Amino acid sequence: YTIVIYGDVNGDGQINIADSSTLALAIQKDIALSSAAQKAAKLVSRSGLALVDYNALVNVIQKKSTINQVTGKLS
């Protein structure tokens with residue numbers, strides 16, 4: 001089984017600046033993410049990874065919003 005923590009793009013169990021860096025690299029197509037990491041990164045868009053996902057993740061890191069870990073949606 002694979003457990004997905006929404007926002008934890010690098011899979012270390014924490015949501016922090018390392019996740020936003022990883023997501024930025026993935027959006028720029030400098031790295032490829034696993035399917036679990038892609039699911040963790042898709043906070044807004046539901047198709048491909050996009051800048052809106054990055055901005056949402058930064059807002060979570062800055063504690064301007066939170067992620068519902070059941071639905072994966074921001075609140």
Side-chain angles (χ1 to χ4, degrees):
Y1 295 99
T2 301
I3 297 172
V4 173
I5 299 172
Y6 294 103
D8 181 19
V9 181
N10 66 1
D12 67 356
Q14 301 176 25
I15 301 171
N16 54 33
I17 195 163
D19 297 300
S20 62
S21 298
T22 302
L23 180 53
L25 291 171
I27 290 170
Q28 296 171 7
K29 300 190 188 311
D30 289 338
I31 62 169
L33 297 178
S34 68
S35 59
Q38 288 180 25
K39 186 170 184 175
K42 289 181 188 174
L43 300 176
V44 179
S45 68
R46 293 298 173 216
S47 55
L49 296 175
L51 187 58
V52 293
D53 297 307
Y54 175 83
N55 291 335
L57 182 57
V58 169
N59 283 335
V60 169
I61 293 167
Q62 294 176 345
K63 301 195 185 315
K64 294 179 181 177
S65 56
T66 59
I67 304 169
N68 180 322
Q69 290 298 322
V70 174
T71 64
K73 296 188 183 214
L74 295 178
S75 56

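The structure displayed is predicted, hence computed values, not measured ones.
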To the closest 0.5 Å, what do you measure between CD (Q62) and CG (L57)? 10.0 Å

Inspect the surroundings of CD1 in I31 and state if more than 12 heavy atoms from other residues, nucleotides or ligands are less than 6.0 Å away. yes

For residues 46-56, the side chain to side chain donor-acceptor pair (under 3.5 Å) pairs (sequence neighbours left out) are S45-D53

Do D19 side-chain atoms and V9 backbone N/O form a donor-acceptor pair below 3.5 Å? yes

How far apart are the closest heavy atoms of S65 and A56, and which atoms are they? OG-O, 4.3 Å

To the closest 0.5 Å, what do you measure between CG (L33) and CG (N10)? 10.0 Å

For the side-chain contact (heavy atoms from CB on, under 4.5 Å) test, which of I5, N59, L43, D8 pairs with I67? L43

Looking at every non-hydrogen atom in both residues, tell me the closest pair between I27 and A50 and how far apart they are. CD1-O, 3.3 Å

Please give me the minimum heavy-atom distance between Q69 and Y6, naming the atom from each residue. OE1-N, 2.8 Å

Among the clusters formed by ILVMFWY side chains lying less than 4.5 Å apart, do L25 and V60 turn up in the same one? yes

Measuring from atom NZ of K29 to atom CG of L49, what distance do you get when rounded to the nearest 0.5 angstrom? 8.0 Å

Just verifying a value: how many Å separate N16 CG and S21 OG, rounded to the nearest 0.5 Å? 8.5 Å

